[in-house]
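Everything numeric in this text was worked out from a predicted model, so none of it was measured.
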Amino acid sequence: MTRPSFEELVRQIQELPALPAVVLELMSSIDQEDTDVYVLGQKIELDQALAAKTLRIANSSFYGMQSRVTSIPHAVSVLGFHSIRTLVTACALTGSFAPVSGGFDFQGFWRHSLATAVAARMLAPHLQVNPETAFTAGLLHDLGTLVLATRFSAEHAQIRGYRQAHDCQMFDAELAILGMDHAQVGSALAAYWKFPVAIQQAVADHHALERLDCGGLPLVVHMANVVAHALDLSGRDDALVPPLSDAGWERFALSDAAWFALFGQIESTFDEMSRIMLA
């Protein structure tokens with residue numbers, strides 16, 4: 001089987017369904033100071049399924065609101081634009097790929113992605129990283145895997161077979177079969193969907209141990225990915241915990257008690273979020 005080129009991969013990415021227009025508008029407005037958040041709120045409400053799921057999360061313990069949020073404009077006013085952007089993007093992403101046959105565990109994939117997003121949001125403040133950006137980057141970190149599974153299903157079956165035969169990490173199997181890994185593919189997809197450069201970089205580098213010493217968003221996503229695997233929140237039998245950046249672990253400088261407390265918070269928050277987003 002001939003390896004697809006990176007150019008072929010990008011072409012397949014460009015044939016993927018577009019994200020909802022309101023999500024693309026939210027992404028493009030990140031750095032704009034004059035964004036009319038209420039006009040955006042009205043646009044979100046036009047997508048009833050997206051709005052309903054967003055409101056369910058806004059009213060969950062994830063945000064811990066004292067009173068009930070009853071509309072998207074209300075949510076914008078009490079949670080802020082950045083939080084709403086995160087929620088809408090997350091709800092749109094989890095519905096953006098139709099499951100395919102062929103042995104790929106979509107439910108396990110999204111459970112792990114959401115667990116990584118939740119962990120990233122909770123780890124972010126320890127490295128002075130924006131929690132909402134960390135959540136989005138965590139949710140996106142493995143999207144390259146979905147591109148490979150849905151657009152290159154024969155090759156992905158080979159990758160899964162190689163991984164099982166060699167008992168190795170998925171990215172090692174991808175490099176062996178394709179010559180590129182899901183982090184590179186995911187970063188290309190994040191660029192095509194016009195996510196911020198910082199998120200593209202975090203997706204590209206979440207396995208790149210040699211590039212994580214600088215800290216920041218890539219390190220948060222790397223650590224969140226490791227934690228989500230270690231807590232086994234995906235429910236997959238074959239999940240391996242990826243290598244951990246020693247320098248990254250030291251940067252967080254948390255005690256054992258603090259880590260265990262964080263693990264408990266991540267598990268309980270993930271349980272609630274998964275019931276809403278992955279139902």
Side-chain angles (χ1 to χ4, degrees), residues 17-98 106-107 110-125 129-140 143 193-196 199 220 224 228 233 261-262 264-279:
L19 289 175
V22 68
V23 177
L24 297 176
E25 190 168 348
L26 286 166
M27 285 299 106
S28 67
S29 65
I30 282 176
D31 298 320
Q32 295 174 12
E33 297 297 327
D34 59 347
T35 301
D36 189 331
V37 294
Y38 295 101
V39 170
L40 279 176
Q42 290 172 335
K43 289 181 180 179
I44 293 167
E45 287 191 310
L46 293 175
D47 188 326
Q48 292 181 346
L50 199 58
K53 197 178 278 190
T54 300
L55 283 176
R56 285 185 68 195
I57 299 171
N59 283 301
S60 72
S61 63
F62 190 63
Y63 285 104
M65 301 304 299
Q66 298 301 311
S67 57
R68 185 159 185 80
V69 178
T70 56
S71 67
I72 294 295
H74 185 198
V76 171
S77 68
V78 295
L79 293 178
F81 173 58
H82 294 292
S83 294
I84 292 302
R85 185 182 64 223
T86 300
L87 293 185
V88 171
T89 302
C91 293
L93 279 173
T94 53
S96 61
F97 285 80
F106 268 80
Q107 185 72 4
W110 281 119
R111 282 180 63 84
H112 171 68
S113 297
L114 182 58
T116 302
V118 168
R121 188 176 188 271
M122 293 190 174
L123 290 169
V129 169
N130 181 288
E132 303 297 341
T133 303
F135 183 93
T136 302
L139 193 69
L140 280 165
L143 269 191
W193 276 345
K194 295 184 170 58
F195 280 88
I199 289 178
V220 169
L233 297 177
L262 258 176
Q265 290 176 318
I266 289 167
E267 287 177 317
S268 61
T269 303
F270 166 75
D271 284 343
E272 182 177 24
M273 288 290 281
S274 63
R275 284 197 298 273
I276 297 171
M277 291 186 63
L278 306 179

Value rounded to 0.5 Å, distance of [atom1] in [X] from [atom2] in [Y]:
| X | Y | atom1 | atom2 | value |
| --- | --- | --- | --- | --- |
| I199 | K194 | CD1 | NZ | 15.0 Å |
| N59 | T54 | CG | OG1 | 11.0 Å |
| Q42 | I72 | CD | CD1 | 11.5 Å |
| T89 | L139 | OG1 | CG | 9.0 Å |
| T133 | H82 | OG1 | NE2 | 7.5 Å |
| L123 | F135 | CG | CZ | 13.5 Å |

Of all the heavy-atom pairs spanning [X] and [Y], show the shortest one and how long it is.
| X | Y | answer |
| --- | --- | --- |
| F195 | T136 | CE2-CG2, 3.9 Å |
| M277 | L114 | SD-CD1, 3.8 Å |
| R121 | E132 | NH2-OE2, 3.3 Å |
| L50 | A92 | CD1-N, 3.6 Å |
| M122 | L262 | CB-CD2, 3.9 Å |
| A134 | A120 | O-CB, 3.3 Å |

For this session: For the pair L143 and L93, evaluate side chain to side chain contact (heavy atoms under 4.5 Å, CB included) and give the outcome as yes or no after the intermediate values.
Result: CA-CA 9 Å; L143 269 191; L93 279 173; 4.0 Å; yes
Problem set entry | Side chains of C91 and I57 in contact at under 4.5 Å (non-hydrogen atoms) | yes
Would you say [X]'s side chain and [Y]'s backbone share a donor-acceptor pair under 3.5 angstrom?
| X | Y | result |
| --- | --- | --- |
| T269 | I266 | no |
| S113 | W110 | no |
| E272 | S60 | no |

